[in-house]
Amino acid sequence: MPEKLLYEGKAKKLFTTEDPGLLRVEYKDDATAFNGKKFDRMEGKGQLNNAISIFFFEYLGKNQIPSHFVRRISETEQLVRSVQIVPLEVVVRNVAAGSLSKRIGWDEGRELPYPIVEFYYKDDDLGDPLLAEEHIRLLELATEEEMQELKKKGLAVNKVLRPLLEQKNIRLIDFKLEFGLDQNGGLLLADEISPDTCRFWDADTGNKMDKDRFRRDLGGVTEAYREIYQRLTGDNL
Ligand code: TMP
Ligand code: ASP
């Protein structure tokens, strides 16, 4: 069975493979923000995000948090398990920033007393709005058990990644996760974990080392991603 393009997103392409249970993900050099309104190509971004995502998925796997990741294929590609994506973005926050700062009026950088989890509706036409649990019930996007499980898994990822990043002098401000249902109906961590989907600040200077550099026209986007990779792995890309 020849491979076919299953889906093209803003930053990745998904292809079928000979094995119906597995997909090939290709990380693109495209950068978008504000629901695709802002767009650029950044040479090397696909390679960096593929490598950083692989690093995080492998690290989480070693810490009893499985994901869809199966193995690296190439500089810009990885093999993943095919799952049915839950149309919710699970955002975990340790520190006020971005849309939370706007919504509740807390300055960016203010530490939250405890991590919080929010759900956003994965729907480009609606602009990925924040959802209350009542809305998730109404739309039947997840069951009660799944909502609890998504929160639990989001916080578990935070518990593993926050100390790891702290060791690398990186402050984990917030991040977005996606989950999919596997054949048995279990929730499996999916999509990607990269500077496109997390906020990373240098712990000393507060410098942004993530996609906010692109969103806010701060420059040095790929340089910052490269620095994240270097701090995580000790290697240069
Ligand atoms: P926000 O403060 O803009 O709501 O973003 C919260 C986190 O989610 C931040 O780490 C960036 C990430 N994120 C995505 O991965 N995709 C998105 O479309 C948005 C808006 C945020
Ligand atoms: N990923 C989204 C977009 O491409 C939004 C963002 O990350 O800011 O528009």
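When a ligand or atom number is given, it counts from 1 through the structure's own listing order. Quick note: numbers below take in every heavy atom, side chains included, and nothing from hydrogens, waters or symmetry partners.
Here is the list of ligand 1 atoms found below 4.0 Å of a heavy atom in Tyr120: 4 (O). Of all the atoms in ligand 1, the ones that sit under 4.0 Å from a non-hydrogen atom of Asp196 are 15 (O). With ligand atoms numbered from 1 in the order given, ligand 2 contributes 3 (C), 4 (O), 9 (O) to contacts under 4.0 Å with heavy atoms of Gly36. Ligand-side atoms of ligand 1 in range of Gly98: 2 (O), range being under 4.0 angstrom from any heavy atom. Shown in contact with Arg215 at under 4.0 Å from a heavy atom are these atoms of ligand 1, numbered in order with element: 11 (C). Less than 4.0 angstrom separates some heavy atom of Phe175 from each of these atoms of ligand 1: 10 (O).
The nearest protein atom to atom 9 (C) of ligand 1, hydrogens excluded, is given as Asp174 OD1, 3.1 Å; this is a heavy-atom distance. Looking only at protein heavy atoms, the nearest one to atom 17 (C) of ligand 1 is Glu89 OE1, 4.1 Å. Atom 9 (O) of ligand 2 has as its closest protein heavy atom Asn35 N, 2.3 Å. For atom 5 (C) of ligand 2, the closest non-hydrogen atom on the protein side is Phe34 N, 3.7 Å. The protein heavy atom nearest to atom 5 (O) of ligand 1 is Arg199 NH1, 3.5 Å. For atom 16 (N) of ligand 1, the closest non-hydrogen atom on the protein side is Lys176 CE, 3.8 Å. At the top of the distance list for atom 4 (O) of ligand 2, counting protein heavy atoms only, stands Thr32 OG1, 2.1 Å.
Considering Lys12, Arg72, Arg24, Arg71 in turn, Arg24 is the only one that fulfils the salt bridge (charged side-chain N to carboxylate O under 4.0 Å, His left out) rule with Glu77.
Under 4.0 Å from ligand 1, heavy atoms of Ser99 appear from its side chain as well as its backbone. By the criterion of a heavy-atom distance under 4.0 Å, the side chain of Arg93, and not its backbone, is placed next to ligand 1.
A distance of 6.5 Å separates CG in Leu172 from CZ in Phe200, rounded to the nearest 0.5 Å.
Distance alone, capped at 3.5 Å, is enough to place a donor-acceptor pair between the Lys38 side chain and the Phe214 backbone. Arg81 places no side-chain N or O within donor-acceptor distance of the main-chain N or O of Gly21, the cut-off being under 3.5 Å. In this structure a side-chain-to-backbone donor-acceptor pair under 3.5 Å is missing from Ser67 to Ala190. At least one donor-acceptor pair under 3.5 Å links the side chain of Lys28 to the backbone N or O of Gly9. In this structure a side-chain-to-backbone donor-acceptor pair under 3.5 Å is present from Asn50 to Ser74. A donor-acceptor pair is defined here as one N or O able to donate and one able to accept, closer than 3.5 Å; such a pair exists between the side chain of Asp128 and the backbone of Asp123.
There is no protein heavy atom closer than 4.0 angstrom to atom 20 (C) of ligand 1.
Nearest-heavy-atom check against atom 1 (N) of ligand 2 across Lys176, Lys10, Lys211 picks out Lys211.
Counting non-hydrogen atoms of neighbouring residues, nucleotides and ligands closer than 6.0 angstrom, the NZ atom of Lys10 exceeds 12 such neighbours.
The distance criterion of under 3.5 Å between nitrogen or oxygen atoms is met by Arg215 with respect to ligand 2.
Between Glu43 and Arg41 there is no salt bridge, since no side-chain N of the basic residue sits under 4.0 Å from a carboxylate O of the acidic one.
Using a non-hydrogen distance threshold of 4.0 Å, Glu118 does not register as a contact of ligand 1.
Relative orientation of the His68 and Phe57 rings is perpendicular, given thresholds of 30° and 60° on the angle between their planes.
Taking the ring axis of Tyr225 as reference, the NZ or CZ atom of Lys45 does not stay both within 45° of it and closer than 6.0 Å to the ring centre.
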